Amino acid sequence: MPELPEVESVRRTLAPRLVGWVVSQVRIGLAKLARPSPQALTQGIRGQKVQNIGRHGKLLILELAQGGFWTIHLGMTGQLIMANERPRAGHVHITVSFADHGPRLYYRDLRQFGGMTYCPDQEALDSGPLANMGPDALGLERNLFISRLAGRRAPLKSLLLDQRVLAGVGNIYADEALHRAGLHPTSRPAELSAKQLADLHRHLQETLTEALARGGSSVRNFVDAEGRPGTFQHAHRVYRRTGLPCPACGSPVQRIVLAGRSTHFCPHCQG
DNA sequence: GAATACCTGAGC
DNA sequence: GCTCAGGTATTC
């Protein structure tokens with residue numbers, strides 16, 4: 001489900017509780033969600049203190065006191081819930097308990113596209129979960145953003161979705177940022193001006209920041225680690241608004257398929 | 001690039 | 001029944 005603002009919302013609700021806690025038990029109900037293997041994950045994190053919780057793109061990175069890393073990717077439908085009791089809803093695949101603390105960390109994932117990885121050191125992190133990942137989209141410096149897109153001939157939206165170009169943007173925020181910037185999703189950076197790319201940079205930052213301030217978008221079932229949904233879905237201008245009026249000009253929002261993903265845009269504002 | 005695969009469900 | 005769904009990896 002989650003793109004950068006949603007993952008960051010989870011990180012912010014998780015960190016105040018988990019940092020300093022020591023993993024005491026790991027229960028894995030679905031082996032494929034634990035990498036490199038259920039045994040390696042369990043042995044890697046059990047007995048370890050969570051030193052810090054970071055994020056790169058859509059990836060949560062829990063730094064362990066002994067130098068290893070425990071990464072969590074929520075895929076399309078992953079949820080991390082801190083609670084005293086197992087959530088009633090189904091699809092809880094991993095449960096992590098902590099020494100001297102009642103609340104447990106429950107990993108739910110209906111579609112099973114996410115999962116956890118244990119990396120024993122920085123090298124394993126860089127060559128594993130972070131391999132090929134571009135710079136984090138949030139706060140990405142303008143000139144770096146422009147240089148990563150400038151001259152490219154692929155459709156602009158495809159590049160925004162490509163985590164190798166920049167990390168964290170998914171289908172919602174690609175569509176929303178392009179609308180705000182007045183750029184057509186199939187436009188090609190090679191044919192855009194530096195000013196247009198600079199505008200896109202500004203609008204992308206504003207979109208991500210506003211979404212984060214509202215706790216992310218809950219299109220279907222996103223909740224943070226406290227179980228709270230976000231509210232930014234109410235501020236969406238084009239995403240999943242096919243046929244509804246563009247908030248800027250009133251033209252009906254159009255839907256096409258690009259890079260295999262639903263793509264929503266205003267044919268007038270983004271013409 | 002597109003197509004396909006991985007999964008389960010919601011909505012029509 | 002069918003299409004679609006916030007992600008990503010793999011294969012032409």
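Please read these numbers as outputs of a predicted model, since none were measured by experiment. The figures that follow rest on heavy atoms only: side chains count, while hydrogens, waters and symmetry mates do not. The chains referred to below are lettered A, B, ... by the order of the sequence lines, with proteins before strands, and numbering in each begins at 1.
- Atom CG of A:L59 and atom CD1 of A:I61 lie 5.0 Å apart (nearest 0.5 Å).
- If you check every strand for non-hydrogen atoms under 4.0 Å, A:S217 touches a base.
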Report, one pair per line, the protein and nucleotides 9-12 of chain C atoms (nitrogen or oxygen only) whose separation is under 3.5 Å.
none

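- Comparing C:dT8 with B:dG9, their P atoms are spaced 22 Å from each other, to the whole Å.
- Across the protein-nucleic acid pair, A:R261 atom CZ and C:dC4 atom C1' stand 11 Å apart, rounded to whole Å.
- Think of the region where chain A sits on DNA chain B: with heavy atoms and a 4.0 Å cut, that region ends 5' and 3' at B:dG1 to B:dA10.
- A straight line from CD of A:Q233 to P of C:dA5 spans 17 Å, rounded to a whole angstrom.
- The six-membered or imidazole ring of A:H201 lies near that of A:F145, with a centre-to-centre distance under 6.0 Å.
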inquiry  = Apply side chain to side chain donor-acceptor pair (under 3.5 Å) to residues A:K157 and A:T263 and explain how you reach the verdict.
reply    = CA-CA 9 Å; A:K157 182 182 171 183; A:T263 296; 2.9 Å; yes
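- Between A:F98 and A:W21, the ring planes are perpendicular. Angles over 60° get that label, and only those under 30° would be called parallel.
- Ion pairing of A:E191 with A:R188 is absent here, as no side-chain N (NZ or NE/NH1/NH2) approaches a carboxylate O to less than 4.0 Å.
- Contact of A:R240 with C:dA5 (side chain to base): no donor-acceptor pair of N or O atoms is detected under 3.5 Å.
- A:E226 has a carboxylate O that lies under 4.0 Å from a charged side-chain N of A:R17, or vice versa, which qualifies the two as a salt bridge.
- In this structure, the CG atom of A:L4 is 11 Å from the P atom of C:dT8, given to the nearest Å.
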Just list the side-chain donor-acceptor pairs under 3.5 Å for residues 241-250 of chain A, sequence neighbours left out, or say none.
from	atom 1	to	atom 2	distance (Å)
A:R241	NE	A:R237	O	2.9
A:R241	NH2	A:P245	O	2.7

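- One atom, NZ of A:K32, and another, C1' of C:dG7, lie 13 Å apart when rounded to the nearest Å.
- C:dG1 and B:dA5 have their C1' atoms separated by 22 Å, given to the nearest Å.
- Using a 4.0 Å heavy-atom distance criterion, A:Y239 is classed as a sugar-phosphate-only contact.
- In this structure, the side chains of A:S158 and A:L258 come closer than 4.5 Å at one or more pairs of heavy atoms.
- A:D175 has no carboxylate O lying under 4.0 Å from a charged side-chain N of A:R240, or vice versa, which leaves the two without a salt bridge.
- The side chain of A:Q163 contributes no N or O atom lying less than 4.0 Å from OP1 or OP2 of C:dG7.
- Nucleic acid contact class of A:R188 (heavy atoms, under 4.0 Å, all strands): none.
- Distance A:E6 CD to C:dA5 P: 16 Å, rounded to the nearest Å.
- In this structure, A:Q79 places its CD atom 15 Å from P of C:dG7, rounding to the nearest Å.
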